[in-house]
Amino acid sequence: MDLARGLAFGGMLLAHYAFPTGPTEPSWLEDIDASADGRAAPLFCLVLGVGAGLLARSGARDRTFLLRGLALFVLGLAMWPYQSVVYLILPHYGLLLASVALWRRVPTGWLLPLAVTAFLVPSTVVAVWGAHGLRGDSQPGSYDDLRDVGRVFRNLMWTGGYPLVGWVGFLLVGLWLARQRLDDTFVQLALLFGGVLVSLTQPLLATARTDLSSAPTSWGGQGFSAFLDGSAHSNQTAWYVLATGTAVAILAGCLLVTSTPAMARGLRPLVYLGQCALTAYLVHLVIGQELVWDWQERDQPSLVAQVVVAGITFAGLTLLATLWRSKFRRGPVEMALRAVAR
């Protein structure tokens, strides 16, 4: 799981630090960048569900999830107005973690149906109602904006970058996975195969959306085509399912490779990065705000140059995480969060 979290951070770093700037960019690099943009955050949320589910199975109290989730939420609110270039997921992440105190009580057989329901709700609304407002609002840009409790609530639940009405589905899938025999090689292979198979349906869904595009409804909605929008962060059913498939495949692949001692040793730096992912996430925001995003706006660098900067940052944070873990069991912010609630 730590390896999957480290890879998710790498994808998120690429998505946040690299933006295509013109028609001459290498198409293959644009495809990689676009894939990272639509897959990193869902992987984070799915791994959150797996980790929380395993923690619940080990006997963690509701208080642990509530307090740690609240701490992440408050930290996220404090960081929200600090930058306006990328959507910040930390407040939503904190609320998802806190909600585990509720979802842990749901029987295993209900978790996937509830996840599917969550994935269907946004598309159902978009399909019939033109004034849906989904992802229609920017995140609070100042600490004054945080005083508008109604707007903050709407942003978290529906109008912001990560509407919890749909994104809770990733958490529910993760909780379901935590109740499976994840140490069983057959289960790992089944999850890998199933996840890859789902991911490979993206071209078919794109073609179907074009062929089956329906006329707007009387309320201005997009009709049935809303369910087939698999583009990154569309927050529609197709994308939720595709992102889940990719996340499951990556998690299963990580479990498979780390079951081999030699591979586990070779990948240890990425595992350490995953164990310090929250610290690295905050550091990358500071680096982005103080250096990277001003450089991008000022110099309009090529996508290749931006990817190089993202790669150097990733390598540097991996090295720092490895050095830190040689002395401490957890990252600095992770240690503080653990101190809040055990």
Side-chain angles (χ1 to χ4, degrees), residues 1-15 28 31-54 89 93 96 108 111-116 118-119 162 166-208 228-260 263-264 266-267 270-271 273-275 277 314:
M1 263 201 322
D2 291 324
L3 176 59
R5 195 179 291 113
L7 293 176
F9 174 77
M12 181 215 61
L13 188 65
L14 180 61
W28 62 271
D31 291 340
I32 293 175
D33 187 42
S35 297
D37 185 37
R39 298 298 186 265
L43 178 56
F44 263 127
C45 290
L46 184 133
V47 171
L48 173 68
V50 176
L54 294 175
I89 197 175
Y93 201 75
L96 286 174
T108 303
L111 288 173
L112 288 185
L114 284 171
V116 171
F119 292 159
Y162 310 99
W167 280 69
V168 69
F170 296 128
L171 177 79
L172 295 173
V173 174
L175 289 173
W176 178 83
L177 287 170
R179 300 181 188 182
Q180 311 310 306
R181 296 179 57 190
L182 292 180
D183 57 344
D184 187 297
T185 302
F186 177 78
V187 172
Q188 294 168 359
L189 288 170
L191 291 173
L192 177 63
F193 177 77
V196 169
L197 196 63
V198 169
S199 300
L200 291 177
T201 63
Q202 183 164 9
L204 297 176
L205 290 171
T207 302
L228 301 176
D229 186 354
S231 57
H233 287 290
S234 67
N235 288 297
Q236 304 304 323
T237 303
W239 176 74
Y240 282 127
V241 173
L242 290 168
T244 299
T246 302
V248 169
I250 292 173
L251 176 63
C254 290
L255 292 173
L256 279 167
V257 298
T258 52
S259 65
T260 305
M263 290 292 291
L267 293 169
L270 288 179
V271 171
L273 177 64
Q275 293 170 346
F314 181 74

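Quick caveat: nothing in here was measured; it's all calculated off a predicted structure. Positions are given from 1 along the sequence.
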Please step through side chain to side chain contact (heavy atoms under 4.5 Å, CB included) for the pair Val241 and Val198, ending with a clear verdict. CA-CA 8 Å; Val241 173; Val198 169; 3.8 Å; yes
Hey, mind stepping through Phe314 and Leu273 against side chain to side chain contact (heavy atoms under 4.5 Å, CB included) and telling me if it holds? CA-CA 9 Å; Phe314 181 74; Leu273 177 64; 3.3 Å; yes
Let me see the working for Leu242 and Thr201 under side chain to side chain contact (heavy atoms under 4.5 Å, CB included), right down to the final yes or no. CA-CA 8 Å; Leu242 290 168; Thr201 63; 3.5 Å; yes
CA sep, side-chain torsions, deciding dist, call: Phe186, Leu191, side chain to side chain contact (heavy atoms under 4.5 Å, CB included): CA-CA 9 Å; Phe186 177 78; Leu191 291 173; over 6 Å; no
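For Leu197, the side chain to side chain contact (heavy atoms under 4.5 Å, CB included) test picks out Phe193, with sequence neighbours left out. Legend: residues meeting side chain to side chain contact (heavy atoms under 4.5 Å, CB included) with Leu256, ordered by chain and number and at least two apart, are Thr185, Gln188, Leu189, Leu192. Here Trp239 pairs with nothing under the side chain to side chain donor-acceptor pair (under 3.5 Å) rule; sequence neighbours left out. Every residue two or more places apart in sequence or in another chain that forms a side chain to side chain donor-acceptor pair (under 3.5 Å) with Ser199 is listed here: Thr246. Judged as a side chain to side chain donor-acceptor pair (under 3.5 Å), and not counting sequence neighbours, Tyr162 has no contacts. Not a single ring-ring contact (aromatic ring centres under 6.0 Å, His included) links Phe44 to another residue, sequence neighbours left out. Residues passing the side chain to side chain donor-acceptor pair (under 3.5 Å) test with Thr108 are Arg179, sequence neighbours excluded.
Taken to the nearest 0.5 Å, the CG atom of Leu177 stands 9.5 Å off from the CG atom of Leu54. Between the CG atom of Leu175 and the CG atom of Leu46 there is a distance of 9.0 Å, given to the nearest 0.5 Å.
Pairs passing the salt bridge (Lys or Arg N to Asp or Glu O under 4.0 Å) check and including a residue from residues 187-204, sequence neighbours excluded, do not occur. Residues in residues 183-202 take part in these salt bridge (Lys or Arg N to Asp or Glu O under 4.0 Å) pairs, two or more places apart or across chains: Arg181-Asp184.
The closest side-chain heavy-atom distance from Trp167 to Asn235 is below 4.5 Å. Inter-residue side-chain proximity for Leu182 and Val50 is flagged as met; some heavy-atom pair is nearer than 4.5 Å. Val271 is listed as a side-chain neighbour of Gln275, based on a closest heavy-atom distance under 4.5 Å. With contacts defined as side-chain heavy-atom distances shorter than 4.5 Å, the pair Leu96/Cys45 qualifies. Within the 4.5 Å cutoff, the side chain of Leu251 has heavy atoms near those of the Met1 side chain.
Not a single donor-acceptor pair under 3.5 Å links the side chain of Ser234 to the backbone N or O of Gly230. Looking at Thr237, its side chain does come within 3.5 Å of a backbone N or O of Phe119 through a donor-acceptor pair.
Taking every heavy atom of both residues into account, Leu171 and Gly49 meet most closely at CD1-CA, 3.6 Å. Considering all non-hydrogen atoms of both residues, Asp229 and Ser231 come closest at OD1-OG, 2.6 Å. Annotation for Ala232 and Gly38: closest pair CB-CA, 3.7 Å, computed over non-hydrogen atoms.
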Show which side-chain atoms of residues 3-12 pair as donor or acceptor with protein atoms under 3.5 Å away, not counting sequence neighbours.
from: Arg5; atom 1: NH1; to: Asp2; atom 2: OD1; distance (Å): 2.7

